[in-house]
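Because the structure is a prediction, the values reported are computed rather than measured. Just the heavy atoms: all of them, side chains too, but no hydrogens, waters or symmetry mates, feed the values below. Below, chain A is the first sequence line, B the second, and so on; all start at residue 1.
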Amino acid sequence: MSRSLGIGDTRTKKAWLVCLVLAGISFAVLVLGLNTGTIRIPPLRVLDTLFGGGSGRDHIVLFEYRLPRIAVTVLAGAGLGAAGAVMQGLSRNGLADPGVLGLHAGAALGLVMFVSFFRDLDGSAAVLIPLFTFAGGVIAAVLIVLLSYSRNRGIVPVRLILSGIGVASGLSAITLYWSLRLDEDTYAFTARWLAGSVWGRDWIHAAALLPWLVIVLPYVLSQTRSLNNLSLGDETAAGIGTSVKRQRLLLLGAAVALSSASVSMAGGIGFIGLIAPHLARRLVGPMYQHLLPVACLVGVVILVTADTIGRSVFQPNAIPAGVVVAVVGAPYFLFLLSRTK
Amino acid sequence: MQSKDSMDKHTAQTERAVPEVVITARPVLRADRIRQALLFTASAVLLGLAIFAAISLGAKDLTVSTVWSAVFHYDRSLMTHQIIHELRLPRVLGAAVIGAALAVAGSLIQGITRNPLGDTGVLGINAGAMFVVAVSFAFFPDLPYGTLIVLSFLGALMSTLLVFGLGASAPGGLTPMRLTVSGAVTAALLGSMTSGIAIYFDLSQDLAFWYAGGVAGIKWSQLEILAPILLIVIAWSMGLARSISLISMGDEVALNLGLNLRRIRLLGLLTVVVLAGLSVSAAGAIGFVGLVIPHIARKLIGVDYRQIVPLSALLGAVLLVLADLGARMANPPEELAIGIMVSFIGVPFFLFLARKERRDL
């Protein structure tokens, strides 16, 4: 017992250290993200402007254009990382990510419905886009949960994965049907969104995303014990005294809320939910009280970096952050796969 | 039972199914034989009816006798004969052959990966083909259609070799689970690169149309090359089926029976690439056939791949011929993408199966 406590202590120290380092990297990447773009602003002037100095032009570029977008990126990165970690614990499957829940397929359908009916993307109606994508994601998730619910056992993990595949394919077919009827410009916008280009770039988007994280993230962080227990398997968890059915439903709801909100503002970014928890597990081990905060920070670092690379390296057609994430993340994942037994 | 690490869930699931297989390995009863014969006859009749319906129904409905004489006594001067001969016949036969090929490919993959949810998407076949097509659209926009098809087949081949190589190079060798994971991740990578190229070069919708595909554009000249290859490879798959049955029972069973696992896996995968790669190149990515049909076949006829493979071929042909007919008839004169039609038929069935799943992964 004392030995396991000892390990727990070093683990906790290590987790704090990793968190600090990641927070430092996040900050550096943030400043870097703020200074790159069509108009370059040196890092020191970025800091200066943030604290009140700087020219009027710098002020406008930073506060009206870059900061809101980066705020959206930070929030969405944290949300996706946390949601992925929760999903992997719930389904007891290291390959699960929010995409498994059909969230992306649902959100994509919401978007295609929106552009099919409203057609214009610049008008005032565009404010409604996050609403449609959010609703699409949540509807898909509810559908999948209903399909995988068993009266005796609550949500059955294997059914969750199976019906996730099925519902996602069905929704994608409908999305494809509508998207083939779009005109070329609208379709290009849709494709960009689906590939995960950060879409929200005004303060209002950041403000709309913030409450979800402020409310749901602390809840998830307070439930790390249940997550630890659930990832041991239903019977063990019930033996330790976790109410498996209820906890799984609540945490699933939290994961859906986090990732739907993030996806509705940042676009269909898929790989972060898969890879951030994996990285976090390698850094601080499988205990959720360490894994979850680290997964959030990893998500932030990945998404901000990817967005910065996507919009600064590839001009004039910026590459969506989601593509950058997959192109960097997938080879890493394959590398891991080829080395682990 | 071997040790179960957290990743090895699919294997664990089928390991539990092994005793079932052993129990059913009793002398084949006469009733079984009759049942099998009936199933095959019924499927063949169904295929005949589907093909006939698909030839006679369409923008211009044709009578039985016209179809008959157009097929067997072709008269170039008659308009109806020309419609049947030049437009509908290659299309319907193409749908049948491609449906059979996709379903057989799916059943082989499910046997090799021991994952009842495996389909050809697992090997990154679609993703590889699409990636090469995207690259050609972006950098060599004037390539003729035939060259594009060859290139997209090569893309499928390359991505499969990549997935296979990555899975096999790891310590512990090529486990079914590792094949599945490296396939899924490779597909995600190639898919993302494809959409990156599409967005950077403004090609998204052109690619979407290619991807949605369909058998509408298949002409005699293509069919003459495609059909013989696919049919020969399907026949060859039936020869492979016995070994696949053994593999599907687990590595230990197969090894004890003296099977060369590596060789069979490699042969099986190559067969799958040819079947699915050619189909995808000619008709676009048609999902769900390879997933759903082998499932149905297994439910109907049992666990022996010597029967699953040919039954899958027949049922796959039926599904795609009907889906193509549906895609034409749904909203004329417009055509629905055939993949959409297949999903509409396949998804409810798949959800029904998922609902009945009692086991835990």
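Heavy atoms of A:S172 lying under 4.5 Å from chain B are absent altogether. Heavy-atom distances place the backbone of A:L146, and not its side chain, under 4.5 Å from chain B. With a threshold of 4.5 angstrom between heavy atoms, A:L176 approaches chain B through its backbone and through its side chain. Using a 4.5 Å cut-off between heavy atoms, B:L336 touches chain A through its side chain atoms alone. Neither the backbone nor the side chain of A:V328 comes within contact range of chain B; no heavy atoms are under 4.5 Å apart. With a threshold of 4.5 angstrom between heavy atoms, A:S148 approaches chain B through N, CA, C or O but not through any side-chain atom.
Heavy atoms only, all atoms of each residue included: B:I199 and A:A191 are closest at CD1-O, 3.9 Å. What you find for B:S195 and A:V323 is that their closest heavy atoms are OG-CG2, 3.9 Å. Closest non-hydrogen pair, A:S169 versus B:S343, comes out as O-OG, 4.1 Å.
Annotation: side chain of A:V327 is in contact with side chain of B:M193 (closest heavy-atom distance under 4.5 Å). In this structure, the side chains of B:L351 and A:L147 come closer than 4.5 Å at one or more pairs of heavy atoms. In this structure the side chain of B:L189 never reaches within 4.5 angstrom of the side chain of A:F333, judged on heavy atoms.
A:R192 is linked by a salt bridge (Lys or Arg N to Asp or Glu O under 4.0 Å) to nothing, counting only residues two or more places apart in sequence or in another chain. Take B:F131 and apply the ring-ring contact (aromatic ring centres under 6.0 Å, His included) test, not counting sequence neighbours, and it matches no residue.
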Between A:L334 and B:S182, does a side-chain contact (heavy atoms from CB on, under 4.5 Å) hold up when you go through it step by step?
CA-CA 6 Å; A:L334 291 172; B:S182 63; 4.0 Å; yes
